[in-house]
Structures are given as structure tokens and as C-alpha cells.
Amino acid sequence: MTSTGRFTLPSEENFAEKTKELAELWGADAIRNSDGTHLDESVLALGKKIYSAYFPTRAHNEWITLHMDETPQVYLLTGRVLAEADIVDVPLMDGFFEEQLKPNRDADPHKYWEVVDRTTNEVVDASLWTLDEDTDTVHVSGATPMHEYTVSFLAYIIWDPVEMYNHLTNGWGDKEHEIPFDIYHPATRKFVFDTFEQWLKDNPQVDVVRFTTFFYQFTLLFDQKQREKVVDWFGCACTVSPAALDDFEKEYGYRLRPEDFVDGGAYNSAWRVPRKAQRDWIDFLSGFVRTNVKKLADMSHAAGKEAMMFLGDQWIGTEPYKDGFEDLGLDAVVGSIGDGTTTRMIADIPGVKYTEGRFLPYFFPDTFYEGNDPSIEGLDNWRKARRAILRSPISRMGYGGYLSLAAKFPKFVDTVTHIADEFRDIHDRTGGVAAEGELNVAILNSWGKMRSWMAFTVAHALPNKQTYSYYGILESPSGMRVNVRFISFDDVLEHGVADDIDVIINGGPVDTAFTGGDVWKNPKLTETLRAWVRGGGAFVGVGEPSSLARFQAGRFFQLADVLGVDEERYQTLSVDKYFPTVTPEHFITADVHVDPAAREAWEKAGYRIPLSGCGGGQGIKPLGGIDFGEPVANTFPVNEDVTLLRADGGQVQLAVNEYGKGRGVYVSGLPYSAANARLLERILFWASHNEDKYTAYSSTNPECEVAVFPDAGQYCVINNTDRPQSTDVALPDGSVEHFDLDQSAIAWRNL
């Protein structure tokens, strides 16, 4: 029998009967519109709670077409142009989508733009360049031949990036482009609040205002072929204006350069180690955004409606983990669920009454087309999210897009019926309380709590070649029996390590926000962490942890002594490195499957003869069995007391090290998989000296996980695959319970 509640259904015009049918099947208690859809009277009459998407800064072309100098703006960086004489021309719009972006010729270019000699990184004096407005070309004189030049220029955003994406994805043809507007300008700000006040009066039937989102779009720029060119879900590039830049200077006492936004073409990616100018702009922007968000929330409440924020689209300036978010008065946050990490990103948000997940797939024609089976993606999405929901429950679920598309796929309809019932059953059994965590794990990076569950992300929950080797640091513990928090280097420098932290993880490539960059030049950081580990703490490094781009004091990893591993950066090739013999059997690798033939070949082949610059202990054949992702070259043990668990190919992939009363563990990479989640789980328990706690409620099959709810007196076992699985679960009294689970199944037992 279908249960009801906790489910938000998208609908549209002229679809009331089918909406009613699907609402009953899926147990929906709320109905929403989507971008490009409208709820008619017959849908409103179904008696469900009504969500209405509200776009504060778009969908009013009648206003903004009269004030085109008040659209949002972005600093763009041109391509590099080689000077072959002392004059060079730099075209502005080559590589950009002219239907989205238009150079700002209204504000004085010589005040707000910048020409840079990229060979010397020097700013070209403003007297040496001119703008040809007819061709949107900058003419630079006095150039140095064989030097490259760029222009950083302000551009108006003349097509809302999200509406543009939906327009192009769904083939909306000649539908009018929606032009965004920037509330930093007083006239437009007044228009936004006046318009919202009237909208509240005109829409008494709406129960929840679903702000999509507020004022500033994350960085989403397209090229002339209508392809994504720059995508940064955290990007603040699309937030500038001459007025805001001038006000920033008055408040902070210094002027931002265009380079502070274009960042040499990196556009201040979240991977970059944050700089003072970047942090100051985030603070400045957040203060402005939050003041005005609170006004919208207060207006919603005064009209008897809830205020819900969508964590996406124009969310810049609202960082939900930044201190003070709870003061905005928002009732709820809803966000897109891509996997366990993005589930936790939403579920862990403090200071709101409830959180809601928008599950995949969206009901768009790129998925719902003849011959495709959307139920496959639907179940895959549910399995990824479910393991995280058990650890941090979201209150509600739903979908987005066009219900008329989804209704054409009966198998998908049945799949959602099952998912919705199971979601509600989890809540009913647990009372919305998270499963018990056995360890406290802190993930250490530059952003800390402010970007909880947001590390290693380029675009929302989308894979990237350079990120997948680290994403397991987040995705694995999102559904693991541990309590996760995020701490910054500043936290450690100012306050040390909290007494209740069992393990710290630091990982990523060198010179990124996730490994820290130059912060490791501060001896207080290494002193603090060394003392903590020697006193019994546990430090896990992944990739190039604690690394400094410049060789310092003979070490690349500044905590190489803790980890037992360092990386050769071609500075100490004259110093021999000797590898101890690999130890294939260890608590950490107990669940790693190694092909028997590979193990036999490894044992028979023996070890390499010590050579200058390297050493014995490296297996001639690979032992394998673990996916470490992209290799980190030239890692080596700092001494022969280190225990190597994998050292294939002449470098270290996995090693453990005793350090005083504490322990260090090095892993070269950790893509997400069930096997790697199990590997990390064992690493965390071993590193923190909690091996004795590991067995109880553990699953013999890494594809199945166990969640324990002491207050509810139950535990469950989940199958995270689309195939039947069997597993044994060890109970605290030493007995074992066997489970045979169908694909995607969940089984409950009393404690």
C-alpha cells in the first residue's frame, strides 16, 4: 500500500487528472511548478500544498529592457594574443557566446578594465591602449614582440544562464530570452521588492515560495558554439558591477583589480588556494546578499508563506555553512541530489526547519525519450542518496521537470512509487534520526566548515578526470558509520585540534585549496598536527597531502614524517630511497580482493634489486587489487620502518606509519567505489586505534552497508547495487546474521 507525505510532485497546465493519479501513486502531499511550467486552477484544486518557483531577478523583460545597464556583470578574460610587432589587437568576444554576454562600454574601460602582458605579468599602462567599440577590439601600442597580451573586461550578462541552459536543452525555439537583473542598483532593487510584494498579493494559493535562487548566478559561461566554457558551482565571477567595486574600495580600503576575478583564466576556481581579495569579496557580497534575502524571507512570512531556497542557480552569496546563515529566517533548503556527497551537502545544513532533495533524473527530454529507460538512473540515484540519508536524513524528496514526460514511462512511474514508499518507511522507522556514528572524522582544507561536503567539485555532482581520484574522500564517508565535520587550516592554527576528533584527513593535489598551499610554510601548523598525532591522533593523507609547491627543508610533504611517505620532486635524486618489503596482509587490506593468479605471480617474481635512487622491496610484479585512480608518481618511504601495503610500479600507493602514540596513513588516490569505501573505513578504524570496534555491525560484502539506530531499536542492511547480493552481519554478541538481498533492497532487523 502506498504511504503518503514527504513528497513534492512537479506538475503543469492541462495535466490535472494525471497529476492526481501520480500524486496518489507517489504519495505526494505537495505540488510544484518548474521552470517553463505553470499550475492551472484544476491542478491547484487538488488540495495539495503548493510550491511556486520564484525568480527574483529574471522573467521581467519589461523592466530590464529599459535598464540594460543594470544587468549582472562578469569580468571576462580574452584569449592570449601574440604580439608580432609593437602594436597588437585583442578581440574581446572571440570564444564567448554573444547571445549571453555583451561588453560593458558604459563604464570607463580605462578605470575598470585591464590589459596585461602575460609574458611578464605586468599591467599595460592605460594610455597605451584604446577600445574600438564598433569591432569590440582593444588596440595595444608599445607592445613587446613575442609577448602575449590579454584584456580583462566587464561584460553584461544579457541572457539568464539557467533559463538559457533550459532553453537550449529543451528546444524552446523562439521563446523570448529572459534577461537577468542586478539588485545592487537601487532602482532595480526597488523593482524587485515591489514586484515580489505584488506577487504575494496575487498568489494567495501558494504555500511555499521556492526561491530559485536569489540574486547572483554561479559562474556559467558559454562559448560561441553554445557549449559550456567556464563552469564553477562556487564561482563568484558573475557578481560584479562598477558600483559594487567602488563600494568595496570604500569599505575595505583597497581596490580590486580585474585580475582578482579572472585570476589568469582560473576565475577563482574553488580548487585555487583562496586569497585575501577573494575571501574579502565573498564576505562583502555575502553581506549584501544576506541582508536582502532576509527581507524576502520576512515578506514571505508576513504573507503567511514559507520561504525555501534552492541550493543552486543564483545561490552565490548565500553560502549555507557560512556563519550566520541561520539568521536569514529561511524555512527550508532544497537541492539537487546527485550522490551521497550532494545529499549530505543539503541534509547537514543548519538553521532551517527542514531540507528537501530533488532526485534525478529531471523530467527533461534529454533523459525521457523513446527507447531509454529512466528507471535505471532513478534507482542508481536513489541508491547513492539512500546510504547518505541513513546518516543524515533529509525531510522531504521530490523531482523536477515536466510530469507529462515522466508519465509516458510506466516502469519509471513504478520505480518512483517504490522509492517514495521506501523513503517514508526509513523516516517512520527512525523518526528522522541519523544512524549511529562510531568515529569522529575531520576533513581538513582551506575552506573548512564554510564549504562542507563541497570539496573536489567542479560542477554539481559531475565527474571530472582530475577530481575522481579524490572524490572518494567525500563520497565514501557520506554513507559510512562515522561522524564527519570539516575544519580549516585557520581553525587548527587558532584553536588546535578538538579533543573529540579521532581522525583528520587531508588530501588532493599540490597547491590547491584542499591541500593548503603556502599555509604549510607556517611552522605552527606542522607543530600542532605533529604533537596531536604523537599524542595518539590519526592523520590520513591522500594524493599530495601537506605538500608545498616549492621544495622546503628537504621535504615536499611537510608531514612526511607522520605519513612515512614523501614525493620525489627531482631535487633529491642523488639521495637513495630504499623500500622495505611490501606487507600484503594487514587489517586495512583484509577485504581487498586480489586475483589469486596475480598474488601468485607477485610472490614468485620477488623484489627489485636495489638501484641508485630507488631500492629493494618493490615487487617486480604488481600486487594490485585496489583502484588508486590516477597515479601519483615518485612517492617513496622516508625510512625502512614504514609499512608498505602497496608499492606497485616503483612508488608508494598505500602505507601506514606508527608515529609516537598515533598513526599516519598514506593513500595515493581514492576514487569512490564500494571496495574503496571499505578500504577507507578500515583505514579510519585502524589509524584511530579502534580496530576492536570494527567487527560489530560490519558487513562481509562491501557492496552492502549496515546502519544502526539505537533509539529506534533497529538496524538495517542495504544493497547498494542493481544486482542481488548476499552478506553476513556480525552482531555485538558474536553471532552472525545472514542476508540475501534483492537488487537495491533494504532489510530491517530489531537490535
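Residue numbers start at 1 and run along the sequence shown.
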Just wondering, are more than 12 heavy atoms of other shown residues or ligands nearer than 6.0 Å to CZ in Phe288?
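Yes, the 6.0 Å shell around CZ holds more than 12 heavy atoms from other groups.
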Step by step, work out the ring-ring contact (aromatic ring centres under 6.0 Å, His included) result for Trp520 and Phe489.
CA-CA 9 Å; Trp520 291 101; Phe489 298 107; 5.7 Å; yes
Heavy atoms only: give me the nearest [X]-[Y] pair and the separation to one decimal.
X	Y	value
Tyr112	Pro242	CZ-CB, 3.5 Å
Asp223	Phe97	O-CB, 3.2 Å
Phe181	Arg58	CZ-N, 3.4 Å
Leu670	Val542	N-CG1, 4.1 Å
Pro274	Ala513	CD-CB, 4.0 Å
Ala270	Arg451	CB-NH1, 4.0 Å

Are [X] and [Y] close enough that their ring centres sit under 6.0 Å apart?
X	Y	answer
Trp113	Tyr75	no
Trp315	Tyr216	no
Phe514	Trp271	yes
Phe557	Tyr666	yes

Can you name the residues that form a salt bridge (charged side-chain N to carboxylate O under 4.0 Å, His left out) with Arg80, not counting sequence neighbours?
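Once residues adjacent in sequence are excluded, the partners of Arg80 under the salt bridge (charged side-chain N to carboxylate O under 4.0 Å, His left out) criterion are Glu148.
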Aromatic ring pairing Tyr252/Phe284, orientation class (parallel under 30°, perpendicular over 60°, tilted between)
perpendicular
Derivation of the ring-ring contact (aromatic ring centres under 6.0 Å, His included) call for Tyr254 and Phe248
CA-CA 8 Å; Tyr254 70 98; Phe248 177 92; 5.3 Å; yes
Which residue, Met68, Arg105, Gln73, forms the side chain to side chain contact (heavy atoms under 4.5 Å, CB included) with Tyr156?
Gln73
Pi-cation contact, Trp281 with Arg275 (under 6.0 Å, within 45°)
no
Compute both the distance and the angle, then confirm whether Lys577 meets the cation-pi test with Phe636: under 6.0 Å from the six-membered ring centre, within 45 degrees of the axis.
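Output yes; distance and angle both within limits.
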Quick one: side-chain contact (heavy atoms from CB on, under 4.5 Å) partners of Pro161, sequence neighbours excluded?
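So Pro161 forms a side-chain contact (heavy atoms from CB on, under 4.5 Å) with Gln100, Ile157, Gln217, Leu220.
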Among all residues two or more places apart in sequence or in another chain, which pass the side-chain contact (heavy atoms from CB on, under 4.5 Å) test with Thr144?
His147, Tyr149
Treating His110 as the side-chain partner and Ala126 as the backbone partner, does any N or O pair qualify as donor plus acceptor under 3.5 Å?
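At least one qualifying donor-acceptor pair exists.
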